[in-house]
Every structure is written in C-alpha cells, then in structure tokens.
Peer 1: 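Got a structure for you, questions after.
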Amino acid sequence: MGTPKNHYLSSRNQQLQKVLDIGMEMGMQRMWDYVQMALRDPGTMGRDTFGPERLERLYNCLVGIADEYQAAFTDGPEADYAQERMDRILRPIWGDRFSDFAERYPYIKKVRYDKPVKCRR
C-alpha cells in the first residue's frame with residue numbers, strides 16, 4: 001500500500017494493514033497449534049511423535065523460513081524471486097502433485113513484466 005497524500009486515506013490504510021497483520025499472526029499461531037497437535041498424534045506419526053525439544057527446533061526453523069520468504073507475499077521487488085525459491089524447494093518434494101505458487105496462493109497478484117509500470121507523481 002503506497003502512502004496517499006490524503007491523511008484520511010493514509011490513516012485508513014494503516015488501520016487495514018494492522019488488521020491484516022493481526023489476521024496473519026493469528027492464522028500462523030492457529031496453524032502452528034494444529035501442526036503441534038498433528039506431530040504429537042500417534043495415529044498420524046506412529047511411535048515417532050514430537051516432544052518439546054523437537055517441536056521447539058521445528059518452530060525456530062519455521063520462524064526463520066517465514067522471515068526469509070516473507071517477501072514472497074508482498075508486492076515488493078523481491079516477491080517473484082522469493083516465490084520461485086519456494087517453488088524450487090517444494091517441487092522435488094511433491095513431484096507430479098506439485099502446485100506452483102500462483103496455484104497455492106491465487107489471491108496474491110502475480111508479478112508481471114509484460115506491462116509497463118505507471119509512474120506516480
């Protein structure tokens with residue numbers, strides 16, 4: 001979201017961004033809780049369930065990955081590069097069942113290089 005000259009629009013954009021950030025944070029925590037529960041479930045994991053130490057290592061790794069690939073979910077200049085890096089890691093895991101970034105995240109606008117960018121003044 002650019003910074004509008006209008007104070008009301010600027011304030012509104014800040015409010016919307018805050019709501020979005022809160023929603024993303026809650027969604028991440030919700031998913032982490034689900035992942036922990038699944039990794040602790042013997043019906044899912046067999047006898048190799050995760051205890052606190054493994055869960056903590058996994059969580060720290062996830063935080064690092066989230067920080068490293070945050071740009072993929074923005075409209076910034078590094079978005080397409082981060083998206084491709086994610087796909088490059090996930091593609092060999094899923095093979096023929098792989099879905100690329102645009103399929104997994106249909107609401108994120110794809111970076112396009114075939115149209116000129118309008119300059120704002």
Peer 1: Please check if atom CE in M28 has more than 12 non-hydrogen atoms from other residues, nucleotides or ligands closer than 6.0 Å.
Peer 2: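 No, CE of M28 has 12 or fewer neighbouring heavy atoms, counting only those of other groups under 6.0 Å.
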Peer 1: Assess whether atom CZ of F98 is packed by more than 12 heavy atoms of other residues, nucleotides or ligands within 6.0 Å.
Peer 2: yes
Peer 1: Hey, does L20 have a side-chain heavy atom less than 4.5 Å from the side chain of M24?
Peer 2: yes
Peer 1: To the closest 0.5 Å, what do you measure between NZ (K18) and CG (L16)?
Peer 2: 12.5 Å
Peer 1: Quick check: is V63 connected to L55 through a chain of hydrophobic side chains (ILVMFWY, heavy atoms under 4.5 Å apart)?
Peer 2: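 As far as the 4.5 Å side-chain criterion goes, V63 and L55 are connected within one cluster.
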Peer 1: Can a donor-acceptor pair be found, under 3.5 Å and without considering hydrogens, that links the side chain of S11 to the backbone of Y8?
Peer 2: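 No; judged by distance alone, with no hydrogens or angles, the pair does not exist.
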Peer 1: Do W94 and F101 land in one hydrophobic cluster if side-chain heavy atoms of ILVMFWY residues count as linked below 4.5 Å?
Peer 2: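 Cluster IDs for W94 and F101 differ.
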Peer 1: Could you report the tightest heavy-atom contact between R40 and G51, atom names first, then the distance?
Peer 2: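 Result for this residue pair: NH1-CA, 3.8 Å.
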Peer 1: Do the side chains of M26 and R30 get nearer than 4.5 Å, heavy atoms only?
Peer 2: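 Counting from C-beta outward, R30 and M26 never come under 4.5 Å.
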Peer 1: Between R54 and D48, is any pair of side-chain heavy atoms under 4.5 Å apart?
Peer 2: yes
Peer 1: My understanding is that only residues two or more places apart in sequence, or in another chain, count here; which of them pass side-chain contact (heavy atoms from CB on, under 4.5 Å) with I93?
Peer 2: L90
Peer 1: Measuring from Q83:CD to Y105:OH, what's the distance to the nearest 0.5 Å?
Peer 2: 10.0 Å
Peer 1: Kindly compute the distance separating CE (M37) from OG1 (T44), expressed to the nearest 0.5 Å.
Peer 2: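 Result: 10.5 Å between the selected atoms.
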Peer 1: Name all residues meeting the side-chain contact (heavy atoms from CB on, under 4.5 Å) criterion together with L58; count only those two or more places apart in sequence or in a different chain, and write none if there are none.
Peer 2: W32, V35, L39, F50, L62
Peer 1: First locate atom CZ of R85, then atom CD of E68, and finally report the distance between them rounded to the nearest 0.5 Å.
Peer 2: 4.5 Å
Peer 1: So that I know where these two stand, are F73 and Y107 an aromatic pair - ring centroids less than 6.0 Å apart?
Peer 2: no
Peer 1: Among the clusters formed by ILVMFWY side chains lying less than 4.5 Å apart, do I65 and M86 turn up in the same one?
Peer 2: yes
Peer 1: What is the distance from atom CZ of R104 to atom CG of D87, rounded to the nearest 0.5 Å?
Peer 2: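 Rounded to the nearest 0.5 Å, the CZ-CG separation comes to 4.5 Å.
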Peer 1: If we count only N and O atoms by modelled type, under 3.5 Å, do the side chains of Q17 and N13 hold a donor and an acceptor together?
Peer 2: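 Short answer, no.
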Peer 1: Under the side-chain hydrogen bond (donor to acceptor under 3.5 Å, both in side chains) test, which residues partner E25, sequence neighbours left out?
Peer 2: none
Peer 1: If we only count heavy atoms from C-beta on, is the E56 to N60 side-chain gap below 4.5 Å?
Peer 2: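 In contact.
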Peer 1: With rounding to the nearest 0.5 Å, note down the distance linking CD in E84 to CD1 in I89.
Peer 2: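 Answer rounded to 0.5 Å: 10.5 Å.
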